[in-house]
Peer 1: 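Have a look at the structure that comes next, please.
The analysis underlying the following values was restricted to heavy atoms, covering all of them including side chains, and did not include hydrogens, waters or symmetry mates. What you see is a predicted model; the values in this text were computed from it and never measured.
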Amino acid sequence: MREPIPQSRHVLKEEGKCLEMSVNCSLWQENSLSVKRFAFTKFSEVPGECFLLFTLILLMFLVSLTGNTLIALAICTSPSLHTPMYFFLANLSLLEIGYTCSVIPKMLQSLVSEARGISWEGCASQMFFFIFFGITECCLLAAMAFDRYMAICSPLHYATRMSRGVCAYLAIVSWVMGCIVGLGQTNFIFSLNFCGPCEIDHFFCDLPPLLALACGDTSQNEAAIFVAAVLCIFSPFLLIISSYVRILVAVLVMPSPEGRHKALSTCSSHLLVVTLFYGSTSATYLRPKSSHSPGVDKLLALFYTSVTSMLNPIIYSLRNKEVKGALRRTLGLKKVLTMKR
C-alpha cells in the first residue's frame, strides 16, 4: 500500500504579518523520499518587520538597477569613455543588474506574499545564475585591477598591452569562467538526494543552506565549494592585492604630488568596491563550516547581493568626474528626446 504524500506545513498568520504557506514539497518515489519543491523560511517573527525589510530591499534594488543601467548607458554613448577602464566598468554594471535580478525579485515576493515556495528547477536556475554572476564579478574585479596596474606602472606600454582585443579577451574569460563554475557547482549540488525537510534557511538558493538539506555524505561537495572559492575568489583577490601593492610602490616614487593624487584617485573607487565585495563573500565561503550561523550568513548575503550592488554605481559616479559628466550628458539627452516627443 502506497504511503501518503508528506507535506511541510506552514501556519498562516493574520493579515499584515509575514505570511507562510502550505507547501507540498516532497513525494515518495519507491522507498526513498525525493523533494520536488523547496520553501524559504520567513525572515522575522516580529509583525511589521517583513514590510520594513521589503521596503528597504526594494529601495536598494531600484537604486542598483537605475544606477548600473545609467552607468552602462553613459559609457556606451560617450566616446570619451571608450577606454579599457570604462569598458570593464560597463561589464561590471551589466553584471550587477543580472546579479541582483537573479535573487532580489523572489526575495521580495517571499516577503509580502504567501508564495514562499520554489520549484526544484527554479532553485537550480537561481543557484546557477547567482554563482555565474558572482564568479564573473570576482574575475572582472581582478581584470580591472590589472588594468590599473598597467596604466600606472607601465604607462608607455599601456595602449599596446591593454588593446581592445586584450580587454575583450579578459572580459570573455571572466564570463566563461563564471558560466563553467556555475554549471559545475549547480550540477554537483543538485545531483544529491534531498530527503526533507524542504525549508531553506535562507532567502535564496545558496550553496551552504542547500547542502544542509541534502541526504548522505556531502563532504565532497563541501570540498568542491571550498576549492572553487579558493580558485575563483581567493586567487583573484591575491592578484588584486599584488597589483595594488605594486601600484602603491610606483605611486610613492612619483616626484609630483599631483601625479600621486591622480593615480590614487583612479584606483580608490575600485579598491573600495573590492573591499566591500570580497570582504562579505570571503566571510561567507571561506569560513570553516563550524563557524557558520544562519543569521550571520543571511546578513552577509543581503550585504553582497543588495548593498554592494547599490553602492557600486554611487561610488564610481561620485568619485569620478568623467562618469559624472557622461551621466549628465546622458540624462540631458533623455530630457531632450522626451521634449521632442
Side-chain angles (χ1 to χ4, degrees), residues 64 67-68 70-72 74-76 78 80-100 132-155 157-178 181 231-251 262-282 304 308-324 326-327:
S64 174
N68 284 299
L70 285 175
I71 285 182
I75 292 172
C76 291
S78 300
S80 62
L81 298 184
H82 292 175
T83 62
M85 181 174 72
Y86 296 111
F87 168 76
F88 290 122
L89 180 56
N91 272 266
L92 184 65
S93 296
L94 294 174
L95 182 149
E96 292 286 5
I97 293 171
Y99 193 56
T100 53
F132 169 47
F133 289 120
I135 296 300
T136 303
E137 180 162 358
C138 292
C139 297
L140 270 178
L141 289 174
M144 293 173 76
F146 179 72
D147 169 70
R148 291 298 83 208
Y149 162 71
M150 292 302 301
I152 295 171
C153 298
S154 300
H157 304 285
Y158 179 69
T160 55
R161 293 182 179 177
M162 294 302 294
S163 63
R164 288 188 177 182
V166 173
C167 293
Y169 174 77
L170 291 174
I172 290 170
V173 168
S174 299
W175 288 95
V176 170
M177 184 66 69
V181 176
L231 292 178
C232 302
I233 297 178
F234 190 63
S235 295
F237 183 66
L238 286 180
L239 178 60
I240 293 170
I241 295 298
S242 174
S243 298
Y244 275 106
V245 167
R246 295 186 179 189
I247 288 171
L248 182 61
V249 172
V251 168
K262 183 178 180 181
L264 290 175
S265 65
T266 61
C267 299
S268 57
S269 298
H270 178 251
L271 195 57
L272 183 56
V273 169
V274 167
T275 303
L276 291 172
F277 180 75
Y278 273 97
S280 53
T281 52
S282 298
Y304 62 73
T308 57
S309 296
M310 176 193 68
L311 291 178
N312 285 358
I314 297 174
I315 292 169
Y316 281 114
S317 61
L318 288 179
R319 300 181 63 86
N320 192 306
K321 293 181 180 179
E322 292 177 319
V323 173
K324 283 192 287 187
L327 286 173

Peer 1: Run the side chain to side chain donor-acceptor pair (under 3.5 Å) test against Arg161 and tell me which residues pass, sequence neighbours left out.
Peer 2: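 Side chain to side chain donor-acceptor pair (under 3.5 Å) check on Arg161 returns nothing, list empty.
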Peer 1: Under the rule for side chain to side chain contact (heavy atoms under 4.5 Å, CB included), what residues qualify as partners of Leu238, not counting sequence neighbours?
Peer 2: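 Leu238 satisfies side chain to side chain contact (heavy atoms under 4.5 Å, CB included) with Phe234 once adjacent residues are dropped.
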Peer 1: Suppose we screen for side chain to side chain donor-acceptor pair (under 3.5 Å). Which residues come up paired with Ser64, at least two apart in sequence or across chains?
Peer 2: Asn68
Peer 1: Which side-chain N or O atoms in residues 162-173 pair as donor and acceptor under 3.5 Å with protein atoms at least two apart or in another chain?
Peer 2:
unit_1: Ser163; atom_1: OG; unit_2: Val166; atom_2: N; d: 3.4

Peer 1: Please enumerate all residues that pass side chain to side chain donor-acceptor pair (under 3.5 Å) together with Glu96, with sequence neighbours excluded.
Peer 2: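 Per chain and number, Glu96 pairs via side chain to side chain donor-acceptor pair (under 3.5 Å) with Ser309, Asn312.
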Peer 1: Among residues at least two apart in sequence or on other chains, which ones pass ring pair (Phe, Tyr, Trp, His ring centres under 6.0 Å) with Phe132?
Peer 2: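 Phe132 satisfies ring pair (Phe, Tyr, Trp, His ring centres under 6.0 Å) with Phe128, Trp175 only.
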Peer 1: Go through it in stages, so that I can follow the logic: the residues are Phe88 and Phe146, the test is side-chain contact (heavy atoms from CB on, under 4.5 Å), and I'd like the CA-CA distance, side-chain angles, deciding distance and then a yes or no.
Peer 2: CA-CA 11 Å; Phe88 290 122; Phe146 179 72; over 6 Å; no
Peer 1: Under the side chain to side chain contact (heavy atoms under 4.5 Å, CB included) test, which residues partner Ala90, sequence neighbours left out?
Peer 2: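 Ala90: side chain to side chain contact (heavy atoms under 4.5 Å, CB included) contacts with Ile75.
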Peer 1: Going by side chain to side chain donor-acceptor pair (under 3.5 Å), name the residues that satisfy it together with Tyr278, two or more places apart in sequence or in a different chain.
Peer 2: none
Peer 1: Measure the OG1-CD1 distance between Thr308 and Ile315 for me, rounded to the nearest 0.5 Å.
Peer 2: 9.0 Å
Peer 1: For the residue pair Pro236 and Leu231, what are the closest heavy atoms and their distance?
Peer 2: CD-O, 3.4 Å
Peer 1: Does the side-chain contact (heavy atoms from CB on, under 4.5 Å) test come out yes or no for Phe133 and Thr136, once each step is laid out?
Peer 2: CA-CA 5 Å; Phe133 289 120; Thr136 303; 5.6 Å; no
Peer 1: Under the side-chain hydrogen bond (donor to acceptor under 3.5 Å, both in side chains) definition, can you give me all pairs with a residue in residues 235-248, not counting sequence neighbours?
Peer 2: Tyr149-Arg246, Tyr244-His270
Peer 1: I need the Met85 CE to Arg148 CZ distance, nearest 0.5 Å.
Peer 2: 5.0 Å
Peer 1: Could you please spell out the steps behind the side-chain contact (heavy atoms from CB on, under 4.5 Å) verdict for Phe237 and Leu141?
Peer 2: CA-CA 8 Å; Phe237 183 66; Leu141 289 174; over 6 Å; no
